[in-house]
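The structure appears below as structure tokens.
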Amino acid sequence: MILFYFCAMTVTDLKTTLESGVKDALMALYGPDAAALPVSLQTTRKEFAGNYTVVTFPYTRVAKQKPDEIAEKLGAYLKENLELVSDYNVIKGFCNLSVADSFWQEFLLSIYENTDYGRQPDNGEKVMVEYSSPNTNKPLHLGHIRNNLLGYATARILDAAGYEVYKVQVINDRGIAICKSMLAWKKFGEGATPASTGTKPDHFVGKYYVLFEQKFKAEYLDWQSSSVGEAVYAEKAKEGQSPEAFFKAYKNTYFNEYSQLGQEAKQMLQNWEAGDEATVELWKTMNGWVYAGFGETYDRLGVDFDKLYYESNTYLLGKDIIEKGMASGTFFTKEDGSTWVDLTDAKLDEKAVLRSDGTSLYITQDLGTAQLRYQDFGVNKMVYVVADEQNYHFQVLFEILKRLGEPYAEGLHHLNYGMVDLPTGRMKSREGTVVDADDLMDEVIGEARAASADRETTSDLSAEEKERIIDQIGLAALKFFILKVNPKKRMVFDPKESVDMQGQTGPYVQNAYVRTQAVARKAGERDLSLASQHTSLESGEVDLINQLYTFPSIIEEAAENYDPSVVATYCYELAKAFHKFWHDYSILSAESEATISFRLALCKAVGNVLRTGMNLIGIDMPDRM
RNA sequence: GGUCCAGUAGCUCAGGGGAUAGAGCAUCUGCCUUCUAAGCAGACGGUCCUAGGUUCGAUUCCUAGCUGGAUCACCA
């Protein structure tokens, strides 16, 4: 009987069972009209006894009774008729239900040894997650870190939710930006290399990008005070526009029409596109440096990819898809020969997809790349992790693919995340406020090292082991700080707060896990079968088990919404409950062998879930700290 | 100007048609001879941007406004 009860309950969702119980109760007490109303079942607030709460206000009209009376009758009925409900109490029309200890107990015993608890079985669907996708002209910065962490965590969460996941990025390795770095190195580099200067190679290339901008700026300033510059200002400036304002706005035009450096950079791009050997060679060398540097950063950050797409291979793609769309009438040609799509009926305006000279645009390339990836992987879902400044672009892209009837069109999703601001405002490369990814990791790991310095808990470990733990702690602080925020929201990154290790932080969660491991170490090999004799649970135990119970639904929710912050918040709350449990109850010196066994099983389960959960958001868990 | 997103404690953020709106940081106060104090407990702190509307009930949903941001290239 007990066994049957336990099996039946673990396969059914607790909440669903309670809801249908409430429906039955309403039917029995007040008839079909009451039973037809929706059941509002919420988790009971901490300050009241019970686990789930039924709100009775909606039934007053049909039942013709006061909320308190309804709640009382409902509670009594459920306690009497539903084995799952062991008790109830009524407060101001809210009926708080307590779930039977036997349910919690048997649930715990069914999962505590399962290190994969929470993971869903394969659902047979394939999904691709694109993230990072940097330009190769400068190193990664804080914005990329948010992108990378979100992309990687989302991929892991989708994997745990049952998908077959492919992680990819498109490396923007061509175009005018990298030509600027190349040109500056060629003109001013005097043959220096990352090795000869002892510089991390992506930073080395970035230095020349900055150098180009400096030289260009100097050239522009000279020109502004030249006779040509003054004439242009006199002719083109708007009424009352200051020279500063005018020349700021005129910068792009100057680059394209007057600048010597601009001319040379553009020439370099043309040479590259024509396949000029020396240019391609230089391009390969400098990009090679950048990849080596990026690789280091990715490794350290703990992210990886299944396949890399290079823009240099894909930038001409998409023309065949345009032809197909021409045939089906999705696109049309304007008098000047340019090709367009009219999306005004989707509230999206007209959009060019080919220039009048027939060359591709950004959107053309993305159309082609989507198709290529479908051919490569046969995925029916694609997630693009790209900042929300490109919302419009993706709306247009997805709408076009939909109209073209692409088989994966319904599965496209733009995981748009908000920009990362500093306490002083937006990051600006011109003002040198861009936070470099490598520096940031150095800093946060340095803080972890300082905080670990005189801890006795790890004093017997080797230097290498200590370093590994310090890395894990520092990165946990950084990653958790970023991932706990809902991706959609713009966030403020305060470097001071990001290295905090107390409170709502990664190390706080790690510490809860470390405690579960510490007690397990101390307990040694032990037969926990007596745990089943611990039948009367403490509230602290029920709280924890109840939270463990919701873990699978957390994974589902995070996957459905592409939102790792759900998992981060869950891990924090579980850790918090465990820290309190740790403080309130003793484990190894509990009153009976049954209780000791039960609490050890509980620790094991909490440890498993904390590890699984944190791993889902890309955070490693040390056994000691 | 059009479109989209956001506005919750001094700061960073959760939450969400339901009970007295929650955490962390910061400030102040207790708790380590007992499983790791990177911990626990307490105090302080609110016009949930404003005004209407729907509802038994709105901080949550709707409308309008205010504020901040993004975007509206034959750029990427």
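First the proteins, then the strands, lettered A, B, ... as listed; each starts at 1. Predicted model only: the values in this text are computed from it and were never measured.
Every residue two or more places apart in sequence or in another chain that forms a side-chain hydrogen bond (donor to acceptor under 3.5 Å, both in side chains) with A/Glu213 is listed here: A/Lys180. With sequence neighbours excluded, the residues that form a side chain to side chain contact (heavy atoms under 4.5 Å, CB included) with A/Ser40 are A/Gln42, A/Val55. Residues passing the side-chain hydrogen bond (donor to acceptor under 3.5 Å, both in side chains) test with A/Thr344 are A/Asp342, sequence neighbours excluded. In terms of the ring-ring contact (aromatic ring centres under 6.0 Å, His included) criterion, A/Tyr88 has no residue partners (sequence neighbours excluded). Applying the ring-ring contact (aromatic ring centres under 6.0 Å, His included) rule to A/Tyr513 yields no partners; only residues at least two apart in sequence or on another chain are considered. Applying the side-chain hydrogen bond (donor to acceptor under 3.5 Å, both in side chains) criterion to A/Lys576, with sequence neighbours excluded, gives no partner residue. Applying the side-chain hydrogen bond (donor to acceptor under 3.5 Å, both in side chains) rule to A/Lys402 yields no partners; only residues at least two apart in sequence or on another chain are considered.
Residue-level contact check: A/Asn96 touches the bases, meaning some heavy atom is under 4.0 Å from a base atom. As judged by a 4.0 angstrom heavy-atom cut-off over every strand, A/Glu311 is placed among residues touching the sugar-phosphate backbone only. Among the protein residues, A/Leu354 comes within range of no part of the nucleic acid, since none of its heavy atoms lies under 4.0 Å from any strand. Base contact: A/Phe94 has a heavy atom under 4.0 Å from a base atom. Heavy atoms of A/Asp388 sit under 4.0 angstrom from primed sugar atoms or phosphate atoms, though from no base atom. Residue A/Pro58 is in base contact, counting any heavy-atom pair closer than 4.0 Å across all strands shown. Within 4.0 Å of A/Tyr362, counting heavy atoms only, lies at least one base atom of the nucleic acid.
Pairs of residues two or more places apart, or lying in two chains, that qualify as ring-ring contact (aromatic ring centres under 6.0 Å, His included) and include a residue from residues 478-511 of chain A are A/Phe481-A/Phe493, A/Tyr508-A/Tyr572, A/Tyr508-A/His579. Identified under the salt bridge (charged side-chain N to carboxylate O under 4.0 Å, His left out) test for residues 516-526 of chain A, with sequence neighbours left out: A/Arg526-A/Glu593.
Between A/Lys92 atom NZ and B/G18 atom C1' there is a gap of 11 Å when expressed in whole angstrom units.
Taking side-chain N and O atoms only, A/Lys580 has a distance below 4.0 Å to OP1 or OP2 of B/A41. At the phosphate of B/C40, OP1 or OP2 sits under 4.0 Å from a side-chain N or O atom of A/Tyr508. Neither OP1 nor OP2 of B/G18 sits under 4.0 Å from any side-chain N or O of A/Arg45.
The partner of B/U20 is absent, by the rule that a Watson-Crick or G-U pair needs both atom distances under 3.5 Å. Checking B/A64 for Watson-Crick or G-U wobble geometry (two distances, each under 3.5 Å) identifies B/U50 as its partner.
An aromatic stacking contact links A/Phe48 with the base of B/A19, defined here by ring centres under 5.5 Å apart and ring planes under 30° from parallel.
Between the side chain of A/Thr53 and the base of B/A19 there is at least one donor-acceptor pair of N/O atoms closer than 3.5 Å.
The side chain of A/Lys576 approaches B/C40 more closely than any other nucleotide in the set B/A38, B/C40, B/G18.
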Could you go over nucleotides 61-63 of chain B and give all protein N or O partners under 3.5 Å, atom names and distances?
none

Produce the list of close N/O pairs, under 3.5 Å, pairing protein atoms with atoms of nucleotides 34-37 of chain B; give distances to one decimal.
{"unit_1": "B/C35", "atom_1": "O2", "unit_2": "A/Leu588", "atom_2": "N", "d": "3.1"}
{"unit_1": "B/C35", "atom_1": "N3", "unit_2": "A/Ile587", "atom_2": "N", "d": "3.0"}
{"unit_1": "B/C35", "atom_1": "N4", "unit_2": "A/Trp582", "atom_2": "O", "d": "2.8"}
{"unit_1": "B/C35", "atom_1": "N4", "unit_2": "A/Tyr585", "atom_2": "O", "d": "2.5"}
{"unit_1": "B/U36", "atom_1": "O2'", "unit_2": "A/Arg515", "atom_2": "NE", "d": "3.1"}
{"unit_1": "B/U36", "atom_1": "O2", "unit_2": "A/Arg455", "atom_2": "NH2", "d": "2.9"}
{"unit_1": "B/U36", "atom_1": "N3", "unit_2": "A/Met625", "atom_2": "O", "d": "3.0"}
{"unit_1": "B/U36", "atom_1": "O4", "unit_2": "A/Met625", "atom_2": "N", "d": "2.9"}
{"unit_1": "B/A37", "atom_1": "OP2", "unit_2": "A/Arg515", "atom_2": "NE", "d": "3.2"}
{"unit_1": "B/A37", "atom_1": "OP2", "unit_2": "A/Arg515", "atom_2": "NH2", "d": "2.0"}
{"unit_1": "B/A37", "atom_1": "OP2", "unit_2": "A/Trp582", "atom_2": "NE1", "d": "3.3"}
{"unit_1": "B/A37", "atom_1": "O5'", "unit_2": "A/Arg515", "atom_2": "NH2", "d": "3.4"}

Under-3.5 Å N/O pairs linking protein and nucleotides 8-15 of chain B:
{"unit_1": "B/C13", "atom_1": "OP1", "unit_2": "A/Val492", "atom_2": "N", "d": "2.5"}
{"unit_1": "B/A14", "atom_1": "OP1", "unit_2": "A/Asn486", "atom_2": "N", "d": "2.6"}
{"unit_1": "B/A14", "atom_1": "OP2", "unit_2": "A/Lys489", "atom_2": "NZ", "d": "3.1"}

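Contact check for A/Leu600 versus A/Leu588: side-chain heavy atoms found under the 4.5 Å cut-off.
Between the side chains of A/Asn287 and A/Thr136, at least one donor N or O lies within less than 3.5 Å of an accepting N or O.
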